[in-house]
Protein chains: 2
Amino acid sequence: MNSEFTIAVHSLVFLAYKTDHMATSDMIAHNVNTHPSRVRKVMSCMRKSGYIVTKEGLGGGYMLNCNPEEVSLAEIYRATSIGSMKPSWCSGKVDEACVVACNMAEVMDHIFCDAEQQLLIYLQQTKISDVLERVRDAQIQR
Amino acid sequence: MNSEFTIAVHSLVFLAYKTDHMATSDMIAHNVNTHPSRVRKVMSCMRKSGYIVTKEGLGGGYMLNCNPEEVSLAEIYRATSIGSMKPSWCSGKVDEACVVACNMAEVMDHIFCDAEQQLLIYLQQTKISDVLERVRDAQIQR
DNA sequence: TTTAACTGTAACAAATATAATAACAGTATG
DNA sequence: CATACTGTTATTATATTTGTTACAGTTAAA
């Protein structure tokens, strides 16, 4: 799975965790442990989907624009990683005489698409707030 | 998802399709459209799981050793790709003071493991014989 | 008993994908 | 108008995936 999904989830959970629900790309990048530029790219995608709003210029940054209890990981997956389940490599060759060789890619493609739909159903169950809760639970277990 | 899974499924479907249920790595590689060496590596794994038997030497090759109606894609996934759902990259840092930063990796890890279990449940439904059937159906649609 | 056709495996090279970094235009604030 | 931000693209570095070669071991048949 695409790691932009991980960055998006982490960033939204971080914003949900902060009392003011705000942070700059530098702050998020430090928390996520990646480069601010990468955070900005992912957050740009989150903004386009409406989960956050951004404020440019001095004193700007990112602010949560959704209820963490209403946004599920499925929606974040759709925004960041849809289609990433299917491997880029595919087997067979369409112009082969063999039935298996020339139809396998299509059949596998269908299997991967269905699998991704199943994944979305599973991810639907977990909301941003649930992730934050689990993070807090994990802390207590230390 | 790992493409060894695709190669394994394609190879088993190809063996199931052949009337004698036998083929060499060269034949399979040509059908799958990859290198014989790669096929041998994946088939070696299939042999260890018991889905095929191999015969070395002249006139040797691979032979199906299971009922295609009983082996599901879940079993093949388990043999070839278990754990590949989780991205190798992970966010946060365990030694950070922030609760989110230091627990996020663990929480995401858990989410990916559960997601993989869900995937296995879905793959369980599809048997080698079903894939072959779909391949034949796809051919008819041409 | 030698040769040819096969698998098993490891090592290496090439191609591709991913992640980090740099650069800079645009924007808002004081 | 200087400063601190985002948005975006381009480039470089790193990791992963795939292809290829090589060769030892195995078996069957000439």
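Chain identifiers are assigned alphabetically (A, B, ...) following the order of the sequence lines, protein sequences preceding nucleic acid strands; residue numbering begins at 1 within each chain. In this text the structure is predicted, and so the values were computed from the model without any measurement.
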**Student:** Using a distance-only criterion (donor-acceptor N/O pair, under 3.5 Å, no hydrogens), is the base of D/dG7 paired with the side chain of A/Arg40?
**Tutor:**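 Per atom types, the contact qualifies.
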
**Student:** Quick check for you: among D/dT6, C/dT29, D/dT16, whose closest atom lies nearest to any side-chain atom of A/Ser25?
**Tutor:**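 The listed nucleotide nearest to A/Ser25's side chain is D/dT6.
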
**Student:** Counting just side-chain N and O atoms, does A/Ser88 come under 4.0 Å of either OP1 or OP2 of C/dA17?
**Tutor:**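 Result: yes.
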
**Student:** Walk me through it: do B/Leu132 and B/Phe14 pass the test side chain to side chain contact (heavy atoms under 4.5 Å, CB included)?
**Tutor:** CA-CA 8 Å; B/Leu132 179 54; B/Phe14 180 62; over 6 Å; no

**Student:** Can a donor-acceptor pair under 3.5 Å be found between the side-chain atoms of B/Ser44 and the base atoms of C/dT9?
**Tutor:**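 Donor-acceptor pair under 3.5 Å: no.
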
**Student:** Distance check needed: C/dA19 P versus A/Lys41 NZ, whole Å only.
**Tutor:**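 Taking NZ of A/Lys41 and P of C/dA19, I get 10 Å after rounding.
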
**Student:** Show the numbers, then the answer: is there a side chain to side chain contact (heavy atoms under 4.5 Å, CB included) between A/Tyr77 and A/Asn2?
**Tutor:** CA-CA 9 Å; A/Tyr77 181 90; A/Asn2 199 317; over 6 Å; no

**Student:** Before giving the answer on side chain to side chain contact (heavy atoms under 4.5 Å, CB included), spell out for B/Leu15 and B/Ser11 the whole-Å C-alpha distance, their side-chain angles and the decisive distance to 0.1 Å.
**Tutor:** CA-CA 6 Å; B/Leu15 288 179; B/Ser11 302; 5.7 Å; no

**Student:** Select from A/Glu56 and A/Arg38 the residue whose nearest nucleotide in DNA chain C is closer to the 5' end of that strand.
**Tutor:**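 Whichever sits nearer the 5' end wins; that is A/Arg38.
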
**Student:** Can you tell me which nucleotide in C/dA22, D/dA28, C/dA19 comes closest to the side chain of A/His35?
**Tutor:**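 Side chain of A/His35 sits closest to C/dA22.
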
**Student:** Quick one: B/His30 NE2 to D/dT20 P, roughly how many Å, whole number?
**Tutor:**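 Rounded to the whole Å, the gap is 13 Å.
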
**Student:** Tell me: CG of A/Leu58 to P of D/dT6, nearest whole Å?
**Tutor:**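 My rounded result for the distance is 11 Å.
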
**Student:** Which nucleotide sits closest to the side chain of A/Thr34: C/dA20, C/dA28, C/dA5?
**Tutor:**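 Selected nucleotide (nearest to the side chain): C/dA20.
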
**Student:** In whole Å, what is the span from the CE atom of A/Met43 to the P atom of D/dT6?
**Tutor:**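 Between P of D/dT6 and CE of A/Met43: 9 Å.
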
**Student:** Quickly work out the B/Ile7 CD1 to D/dT18 P distance and round it to whole Å.
**Tutor:**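 That distance rounds to 7 Å.
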
**Student:** How many Å lie between CH2 on A/Trp89 and C1' on C/dA15, as a whole number?
**Tutor:**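 Value for this atom pair: 15 Å.
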
**Student:** For B/Lys48 and C/dT9, is the shortest distance between a side-chain N/O and OP1 or OP2 below 4.0 Å?
**Tutor:**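 Result: yes.
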
**Student:** Pick base, sugar-phosphate or nothing for B/Ser37, based on heavy-atom distances below 4.0 Å to the nucleic acid.
**Tutor:**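 If one applies the 4.0 Å heavy-atom cut-off, B/Ser37 turns out to touch a base.
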
**Student:** Rounded to whole angstrom units, what separation is found between the CE atom of B/Met22 and the P atom of D/dA28?
**Tutor:**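 The distance from CE of B/Met22 to P of D/dA28 comes to 11 Å, rounded to the nearest Å.
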
**Student:** Could you check whether B/Arg38 and B/Ser3, counting side-chain N and O atoms only, form a donor-acceptor pair closer than 3.5 Å?
**Tutor:**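 Yes.
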
**Student:** Starting at CG of A/Leu15 and ending at P of D/dT6, how long is that distance when rounded to a whole Å?
**Tutor:**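 Going from A/Leu15 (CG) to D/dT6 (P), I get 11 Å.
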
**Student:** Taking only the side-chain heavy atoms of B/Thr24 (C-beta and beyond), determine which of C/dT7, C/dA17, D/dT27 contains the nearest atom.
**Tutor:**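 From the listed options, C/dT7 comes nearest.
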
**Student:** If you find the nucleotide of DNA chain C closest to B/Arg47 and the one closest to A/Gly59, which residue's nucleotide is nearer the 5' end?
**Tutor:**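 On the 5' side of the pair lies B/Arg47.
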
**Student:** May I ask you to say whether A/Glu106 pairs ionically with B/Arg134, meaning some side-chain N is under 4.0 Å from a carboxylate O?
**Tutor:**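 Salt bridge between A/Glu106 and B/Arg134, a charged N being under 4.0 Å from a carboxylate O: no.
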
